[in-house]
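Take this structure first; my questions come after.
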Amino acid sequence: MLAREFYQRPTEVVARDLLGKLLVRIYAGGVTAVRLTEVEAYLGVEDPACHTFGGRRTRRTETMWGEAGHAYVYLVYGMHHCLNVVTVGPDRPEAVLVRGGVAVGGLDLIRERRGPKVAERSLADGPGKLCQALEVTRDHDGIDLCEPSSVLRICDDGLRVGEGAVKRTPRVGVDYAGEASGWPLRLVIDSRVFSSSADSTGF
DNA sequence: TCTAGGATCGGCT
DNA sequence: GCCGATCCTAGAT
């Protein structure tokens with residue numbers, strides 16, 4: 001399990017280092033896990049795309065104003081949840097949006113949540129899908145990812161993601177943010193590198 | 001109170 | 001590629 005210090009670093013560094021890590025969900029029915037392949041950095045009060053831009057502090061965003069290493073979960077479009085991890089520290093309301101990953105553990109349980117017809121690579125390749133796959137809801141807003149008993153945690157299993165494997169692009173769905181919508185704060189790695197047939201070049 | 005719009009997804013063309 | 005679903009949040013009145 002990643003320690004608090006991991007999250008207390010600059011948001012872009014945390015985002016970069018989250019790629020390849022395991023997001024693990026522990027619940028009554030078992031354990032599921034997703035390896036993270038897509039994240040976005042949201043840089044707080046100076047970032048027009050961020051929920052806390054300009055110092056906005058509301059009931060929804062309260063978790064972002066707290067300690068690093070906690071989960072910030074909110075509802076978008078009235079029906080999908082989005083999971084973020086809070087970074088930096090108190091009164092620096094920044095976060096990394098977890099946009100997608102590859103299901104690697106508890107596949108049967110994930111399929112129960114996502115449906116039997118969904119292609120394996122599509123089980124968690126979007127922020128809403130990932131939350132559905134791991135049964136993450138607003139009930140988890142504010143939980144501590146560093147607490148040993150936490151039902152949601154992020155682990156390092158030793159996989160190393162080489163710099164050459166990381167692609168940087170503008171963030172998705174933030175056209176309203178003007179110039180900031182073009183900032184290259186979305187980080188992705190090719191999920192195919194995790195298939196058994198791929199070689200490990202670049203890692 | 002009221003209202004506009006959203007850090008998405010899946011089905012249909 | 002387009003479009004509707006669906007409801008909460010934030011900001012305005």
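Each chain gets a letter, A, B and so on, in the order its sequence line appears, and its residues count up from 1.
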Given Watson-Crick or G-U pairs with both distances under 3.5 Å, what dot-bracket string fits DNA chain B, with | for other-strand pairs and [ ] for crossing? ||||||.|||||.

Met79(A) side chain: which of dT8(B), dA5(C), dA7(B) is closest? dA5(C)

Let me know the distance between CG of Leu83(A) and P of dC9(B), rounded to the nearest Å. 13 Å

Can you tell me if Arg186(A) and Thr169(A) form a side-chain donor-acceptor pair at under 3.5 Å?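 Indeed, the side chains of Arg186(A) and Thr169(A) share at least one donor-acceptor pair under 3.5 Å.
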
Rounded distance (Å) that lies between atom P of dA4(B) and atom OH of Tyr77(A): 18 Å

Could you run down the sub-3.5 Å N/O contacts of the protein with nucleotides 9-13 of chain C?
unit_1  : atom_1 : unit_2    : atom_2 : d
dT9(C)  : OP1    : Arg138(A) : NH1    : 3.3
dT9(C)  : O3'    : Arg60(A)  : NE     : 3.1
dA10(C) : OP1    : Thr58(A)  : OG1    : 2.3
dA10(C) : OP1    : Arg60(A)  : NE     : 3.2
dA10(C) : OP2    : Thr58(A)  : OG1    : 3.3

Are the side chains of Arg111(A) and Asp108(A) in contact, using a 4.5 Å heavy-atom criterion?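 Contact flag for Asp108(A)/Arg111(A) side chains = no.
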
Looking only at side-chain N and O atoms, does Arg186(A) come under 4.0 Å of OP1 or OP2 in dA7(B)? no

Name the one of Thr52(A), Thr11(A), Asn84(A) that satisfies side-chain hydrogen bond (donor to acceptor under 3.5 Å, both in side chains) with Glu94(A)?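 Among the candidates, only Thr11(A) passes.
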
Could you check how far CG of Asp141(A) sits from C1' of dA7(B), rounded to whole Å?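 In whole Å, dA7(B) C1' lies 15 Å from Asp141(A) CG.
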
Donor/acceptor link under 3.5 angstrom from Tyr74(A) side chain onto base of dA7(B): yes

Minimum side-chain heavy-atom gap Trp65(A)-Asp91(A) below 4.5 Å: yes

Which of these passes side chain to side chain contact (heavy atoms under 4.5 Å, CB included) with Leu145(A): Leu2(A), Val151(A), Val24(A), Ile154(A)?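 Among Leu2(A), Val151(A), Val24(A), Ile154(A), the one meeting side chain to side chain contact (heavy atoms under 4.5 Å, CB included) with Leu145(A) is Ile154(A).
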
Are more than 12 heavy atoms, taken from residues, nucleotides or ligands other than Glu62(A), located less than 6.0 Å from that residue's CD atom?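 Yes, the 6.0 Å shell around CD holds more than 12 heavy atoms from other groups.
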
Non-hydrogen side-chain atoms of Gln8(A) and Arg92(A) separated by less than 4.5 Å: no

Rounded to whole Å, please give me the gap between NE2 in His81(A) and C1' in dG6(B).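 These atoms are roughly 15 Å apart.
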
Report the C-alpha separation of His70(A) and Tyr7(A) in whole Å, then their side-chain angles, then the decisive distance to 0.1 Å, and conclude whether the ring pair (Phe, Tyr, Trp, His ring centres under 6.0 Å) test is met. CA-CA 9 Å; His70(A) 289 248; Tyr7(A) 303 100; 9.3 Å; no

Do any N or O atoms from the side chain of Arg56(A) and from the backbone of His51(A) form a donor-acceptor pair under 3.5 angstrom?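 Flag set: sc Arg56(A) to bb His51(A) pair under 3.5 Å.
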
Contact under 4.0 Å: Tyr176(A) side-chain N or O vs dA7(B) OP1/OP2: yes

Does Ala49(A) reach a base, just sugar-phosphate, or nothing at all? Heavy atoms under 4.0 Å.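 The residue Ala49(A) makes base contact.
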
Rounded off to whole Å, could you give me the NE2-to-C1' distance for the His80(A) and dG5(B) pair? 15 Å

Would you tabulate the nitrogen or oxygen pairs shorter than 3.5 Å linking the protein to nucleotides 10-13 of chain B?
unit_1  : atom_1 : unit_2    : atom_2 : d
dG10(B) : OP1    : Arg114(A) : NH1    : 2.9
dG10(B) : OP1    : Arg114(A) : NH2    : 3.4

Checking side-chain polar atoms at under 3.5 Å, does Ser150(A) have a donor or acceptor matched by the opposite partner on Asp144(A)?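 Not at all, the side chains of Ser150(A) and Asp144(A) share no donor-acceptor pair under 3.5 Å.
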
Does Arg9(A) use its side chain to pair, donor to acceptor, with the backbone of Phe6(A) at less than 3.5 Å?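 Answer holds: yes.
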
